[in-house]
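Below is one structure, written out as structure tokens, with a few remarks after it.
Being a predicted model, the structure only gives us computed values, none of them experimental.
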Amino acid sequence: MFEPQAVQTGGVGARVTKAGVEVRTKETITIGQKTTTARGTRYLTLEDFERQVAAGLLTVLEEQRDKEGTLKKVTVESRHCLESDTALVNRILGREVGGKQNILVMNDEAHHAYRIVREERDEEEDDLFGEDEEAEDFFKEATVWIDGLDRIQKLRDINFCLDLSATPYFLGRVGQQTNRPFPWVVSDFGLIDAIESGLVKIPQLAVRDTTGKEIPGYFNIWQWILPQLTPAERGGKKANPKPEAILKYAHHPIAMLGGLWEKEREEWATHRDDPRPPVFILVCKNTQIAKVLYEWLAEDKAPTGIPPAKLEGLRNNGCQYTIRVDSKVVHESDSGEAKNDEVRWMRFTLDTVGKTAWPTDRMGRPIYPEGFKELADKLGRPDHPPGRDVRCIVSVGMLTEGWDCNTVTHIVGLRPFMSQLLCEQVVGRGLRRVSYDVGPDGKLTEEVAKVFGVPFEVIPFKANPQGQPQPRVKRYHVHAISTKAQFEITFPRVEGYTQALRNKVTVDWATVPSLVLEPGRIPPEVEVKGLHVNNKGRLSLSGPGRVDDVTLREFREKRRVQELVFDLAKTLAVNYVAQKQCTIPPHKLFPQLAGIIQSYLDRKVEARPPADKKDLFLAPYYGWVVERLLEAIRPDISQGEAPEVPRYEATRGPGSTAEVDFWTSREVREVHKSHLNYVVADTKQWEQSAAYYLDRHDAVEAFVKNVGLGFAIPYLHNGQMHDYVPDFVVRLKIEPVSHLILETKGYDPLEEVKRAAAERWVAAVNADGTYGAWRYVVTKKVSDIPTLLGNLLP
């Protein structure tokens, strides 16, 4: 704190001097790109560090430099002049309280006023907050408040604290008490009581869907999506999932509620005197997901592999119908630290969502919030409430406590929810009633808010990471044996394909994988109901309140199959025209693709009720259709087109069994007709039995189990390239040189996709002719292998 001293004789003011209590602390500072604090570590830019040292604020005790002599870390002693307890208490209590003792304190939003016990982070803290800065601000604010109360107690005594909170839970970093109710609760009028009394809307959550699972997929969208992502999409243990991957699976639930929202907006415009639109809220884990989602909804910028949203009521066509609100905007505007005019304007927009006009004084003049009129004039914007026309809010974090928009009707959560508190905070944004007028029966009419992805569960169980040590496992060295070089097998390394398209394309329908719209995997309809739980704490269909169906009916009603055909043909045409070897004019290519797509929809797509073929408008189905056809469409050789040929790896030559050298703890078997010393099995019996038949059959000249060999067939699925690794590569006793790719397969949901990829690989390699003739065979029964091999002999 800094205070000027009294004016001296002659009217000359004394110099500014430091006041307060001087505190010396020892800390380690990291020299970084910006000045900030994150994860309990303090960062300073080199410029800020040198400035504070020169000002005497920091005393350097030790330096750490890299090999080039660049300063990386410093251990310093810092001096801070903190406000004394007496000065703080006098400033906070002010003239109204004066020097009175035994203070009564009323803590509003009291779940923020608790003592943080542990300094270390919780494992789920990232999921709890989504953004580093949000977590740091949260814990800092809670500490500041309770420290202030401690200092008042020390000097004046706090006679009694009355805590008021809609969510009286310990929030975090308090050990075993996390997410437990305050033990001093004496009066509880909880959310269920408020719902049953009609004071708030009824939140309807998913209770049952077409998957038949105990917990419906859209009850917790985040946990439903994550297991379906590939490792690359998931981003690793410490990284965040890719926004496009989240949106790919979130498209279905967003379309379901989006269709209902559009229907409700039309009904409100037709049958209500209230001109306000219903509001759709989407709560995201981080700014990356929020940005992609906002651009998809508001600006019609679909990420690669994701079809357009087609929710026209949410597009910003000359009017700001959809807004994106980040945690920093809320924090800066709440704390009065807004750094620019746009942040301040966004705060006014957020606060006026659902408001058509400003309140007026007795003369009918509008009463503007402080600073609004000046800001509107400065930015040249109209002076009506800026949030008047907002229909959709894409947010990071929980918006802000006390936000009182009462026209929220639909909510989607695209983030982890690790506590009951977060669930109640998010759903609470949609619970304020539109009207408190009673019906003819003298009771409040029912109002509902439909919610997907916000699970009302208390605490996920944490498994004990400690377990019994595993016994030492025997390991085997698998390698090529020089004395068995006659069994060496070589193979091409194919990384892609080249097509020289000029006029005609075609499809071999026998090899095109089908697509099943499976309700057991992606639910096209959900039953939602108000909060009524069974004795296990799960949402239940029993109890009072109506059960509503949420389906894709509203979304489908505005779509036609012909529109789908044209959309898919456009997407495919763009992909093909972008290829250097493609010389087909788009106006000739498009009708061919449209015909192929129509045939695919008729012949290869099965929509199992209650799914519908119009669901192909939605990701991930839309992307899967594009992928299957991109892999299946070929130059029409019968019309004079050049065949598709492989694109071999440029950095490596052909693969060979001679390169195999690795260790494994899996089951192994010795065989004769292999260049390797062992066959490594991935099954308990199936592949071992297959190796026995191959090793003994007269049609087999050599074979190898495809483990550690590096033989893979590329294929496209779920927006990413994958490697299909077949079980065996066999060289047959046939002239000229002929190879067999053998797959012994049980159930595999991607069997048709992999089969089509293998058939494409074989056709392209055979068309090139450099590596001889190749075939691909799948057998469902190992006992069929001898017959299969016998049929291949001349």
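Using a cutoff of 4.0 Å between basic side-chain nitrogens and carboxylate oxygens, Asp612 and Arg553 are not scored as salt-bridged. Of the charged side-chain nitrogens involved, at least one lies within less than 4.0 Å of a carboxylate oxygen, so that Glu751 and Lys780 count as a salt-bridged pair. Checked for salt-bridge contact, Asp548 and Lys529 miss the test: no charged N lies under 4.0 Å from a carboxylate O.
Of all heavy-atom pairs spanning Tyr497 and Pro646, the tightest one is CD2-CA, 4.1 Å. The minimum heavy-atom distance between Ile596 and Val507, with the atom names listed, is CG2-CG2, 3.7 Å.
Note: Phe590 and Phe566 meet the aromatic proximity criterion, with ring centroids under 6.0 Å apart. For His252 and Trp224, the gap between ring centers reaches or exceeds 6.0 Å.
Listed by chain and number, the residues in a ring pair (Phe, Tyr, Trp, His ring centres under 6.0 Å) with Trp624 are Tyr621, His717 (sequence neighbours excluded).
Within a 6.0 Å radius of NZ in Lys558, more than 12 heavy atoms belonging to other residues, nucleotides or ligands are found.
Shown are Trp774, Tyr648, Phe491; of these, the ring-ring contact (aromatic ring centres under 6.0 Å, His included) with Trp761 is made only by Trp774.
Note that CZ of Phe280 and CG of Leu311 are 7.5 Å apart. Values are rounded to the nearest 0.5 Å.
Relative to the ring axis of Phe417, Arg415 places its NZ or CZ within 45° and under 6.0 Å from the centre. Cation-pi geometry between Arg603 and Tyr600 is not met: the NZ or CZ atom fails to fall both under 6.0 Å from the ring centre and inside 45° of the normal.
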